[in-house]
Amino acid sequence: MPTSSASTTDSARSATGGVQSLERAFDLLERMADAGGEVGLSELSASSGLPLPTIHRLMRTLVACGYVRQQPNRRYALGPRLIRLGESASRLLGTWARPHLARLVEETGETANMALLDGDEIVYVAQVPSKHSMRMFTEVGRRVLPHSTGVGKALLADFPADEVRALLGRTGMPAATDKTITTPDGFIAALEDVRRQGYAIDDNEQEIGVRCLAVSVPDSPTAAAISISGPAGRVTEAATDRIVPLLQQVAAELSQALLTSNGANGSNGNPAA
């Protein structure tokens, strides 16, 4: 009795051993996110190289599951069901990061943070507070604009300048303090400094009296950065020379942990307070 060949269907295993239809569906979701969350089928076909019938079939399934929704203009947008997945993933990512942040606190004495780029905003997903009585505190889940934060600069440093300008045009650049960078040209110049130095600084730009040092997490599954923050009187130029190499080392170790899932050994930690 003849048997059907799985290799002729979208459910076939790909060359990497995965299920091809799943790989294609996730690739489309990633492409939608890269395009700002809304896209047409022809755009997806052009960017992915997949034929329109295949994309249409995959999108119908994603719509039925709630991960994509079709707009009145017949374009497709990321669906609300992704929000729950994203929130759960962010919490887990923060939990995995806590042992690494705790090491930063132990060795620098200052509060350590982890933040992600979510749309046009920065969201803090984990924090381990300093043991000093005078310390910085950022509520986990807090959202801020990127232009006034060290983590924002670290996260945007490798973005093309036109994309950064577009983001700033959407968010605006309100001044949190008189030190905040409030012009696109000034911010682009600051990102050039980040690339040259290998780290970002928030020098009284988000809050007067507070200094923050930040680096991106290389090769993170989602754009992420870690930082330490403390009173400007403690996070001095001399302290910067000591802290930055440690930040870079911890970021590299966290990256490896996330990529290999070894970071799951931090899952017994409590969520950041």
Show me the side-chain donor-acceptor pairs of residues 155-163 shorter than 3.5 Å, one per line, residues at least two apart or across chains.
none

CA sep, side-chain torsions, deciding dist, call: V164, L191, side-chain contact (heavy atoms from CB on, under 4.5 Å) = CA-CA 10 Å; V164 174; L191 297 186; 3.9 Å; yes
Check for a donor-acceptor pair, side chain of S148 on one end and backbone N or O of E205 on the other, with a separation under 3.5 Å.
-> no
Side chains of R24 and T54 in contact at under 4.5 Å (non-hydrogen atoms) = yes
Sequence-distant partners of V144, side chain to side chain contact (heavy atoms under 4.5 Å, CB included), two or more places apart | I122, Y124, R142, T149, Q206
Compare all side-chain heavy atoms of L101 with those of Q127 and state whether any distance is below 4.5 angstrom.
-> no
What residues form a salt bridge (Lys or Arg N to Asp or Glu O under 4.0 Å) with R195, not counting sequence neighbours?
-> none
Connected hydrophobic set around I208, excluding itself, where side chains approach under 4.5 Å | none
Go through the steps for L50 and L44 under the test side-chain contact (heavy atoms from CB on, under 4.5 Å), then give the verdict.
-> CA-CA 8 Å; L50 294 174; L44 283 176; over 6 Å; no
Listed partners of E121 passing salt bridge (Lys or Arg N to Asp or Glu O under 4.0 Å), at least two apart | R143
Between S216 and A225, is there a donor-acceptor pair closer than 3.5 Å when you use the side chain of the first and the backbone of the second?
-> no
CD (Q20) and CD (E23) are apart, to the nearest 0.5 Å, by 7.5 Å
Applying side chain to side chain contact (heavy atoms under 4.5 Å, CB included), name anything that partners P245, two or more places apart in sequence or on another chain.
-> none
Look only at the side chain of S255 and the backbone of P218, and say whether a donor-acceptor pair between them is shorter than 3.5 Å.
-> yes
Residue pairs, two or more places apart or on separate chains, that pass salt bridge (charged side-chain N to carboxylate O under 4.0 Å, His left out) and touch residues 214-224 | none
Please list, chain by chain and in numerical order, all residues satisfying side chain to side chain donor-acceptor pair (under 3.5 Å) with T240, sequence neighbours excluded.
-> R211
Residues in side chain to side chain contact (heavy atoms under 4.5 Å, CB included) with R242, at least two apart?
-> A239
Test item: L213 and I201 side chains (from C-beta on) under 4.5 Å apart, heavy atoms = yes
Hey, does R60 have a side-chain heavy atom less than 4.5 Å from the side chain of R57?
-> yes
Could you go through the side-chain contact (heavy atoms from CB on, under 4.5 Å) check for M32 and M59 one step at a time?
-> CA-CA 11 Å; M32 292 180 70; M59 295 300 278; 3.7 Å; yes
L168 side chain near F187 side chain, heavy-atom distance below 4.5 Å | yes
Is the side chain of T236 donor-acceptor paired with the backbone N or O of G233 at a distance under 3.5 Å, no angle test?
-> no
Under 3.5 Å, is there a donor-acceptor pair between the side chain of H147 and the main chain of P174?
-> yes
Is it true that a side-chain atom of T177 and a backbone atom of N204 form a donor plus acceptor pair closer than 3.5 Å?
-> yes
Side-chain polar contacts of residues 71-78 - donor-acceptor pairs under 3.5 angstrom, sequence neighbours left out - could you list them?
| unit_1 | atom_1 | unit_2 | atom_2 | d |
| --- | --- | --- | --- | --- |
| Q71 | OE1 | R69 | NH1 | 2.7 |
| Q71 | NE2 | E38 | OE1 | 3.2 |
| N73 | OD1 | R75 | N | 3.0 |
| R75 | NE | E38 | OE2 | 3.3 |
| R75 | NH1 | E43 | OE2 | 2.5 |
| R75 | NH2 | E38 | O | 3.4 |
| R75 | NH2 | E43 | OE2 | 3.4 |
| Y76 | OH | Q70 | NE2 | 3.4 |

Q197, CD atom: more than 12 neighbouring heavy atoms under 6.0 Å = yes
Under 3.5 Å, side chain of K153 to main-chain N/O of D202, donor-acceptor pair present?
-> no
So how far is it from S45 OG to L28 CG, rounded to the nearest 0.5 Å?
-> 10.0 Å
Test side chain to side chain donor-acceptor pair (under 3.5 Å) applied to D193 - qualifying residues, sequence neighbours left out | R196
Under 3.5 Å, is there a donor-acceptor pair between the side chain of E107 and the main chain of L246?
-> no
Please examine the side chains of L254 and M114, heavy atoms only from C-beta on, and report whether any two atoms are closer than 4.5 Å.
-> yes
Distance (rounded to the nearest 0.5 Å) between T108 OG1 and I228 CD1 = 5.5 Å
Contacts of P53 meeting side chain to side chain contact (heavy atoms under 4.5 Å, CB included) (sequence neighbours excluded), chain-then-number -> P51
R165 side chain near I188 side chain, heavy-atom distance below 4.5 Å | yes
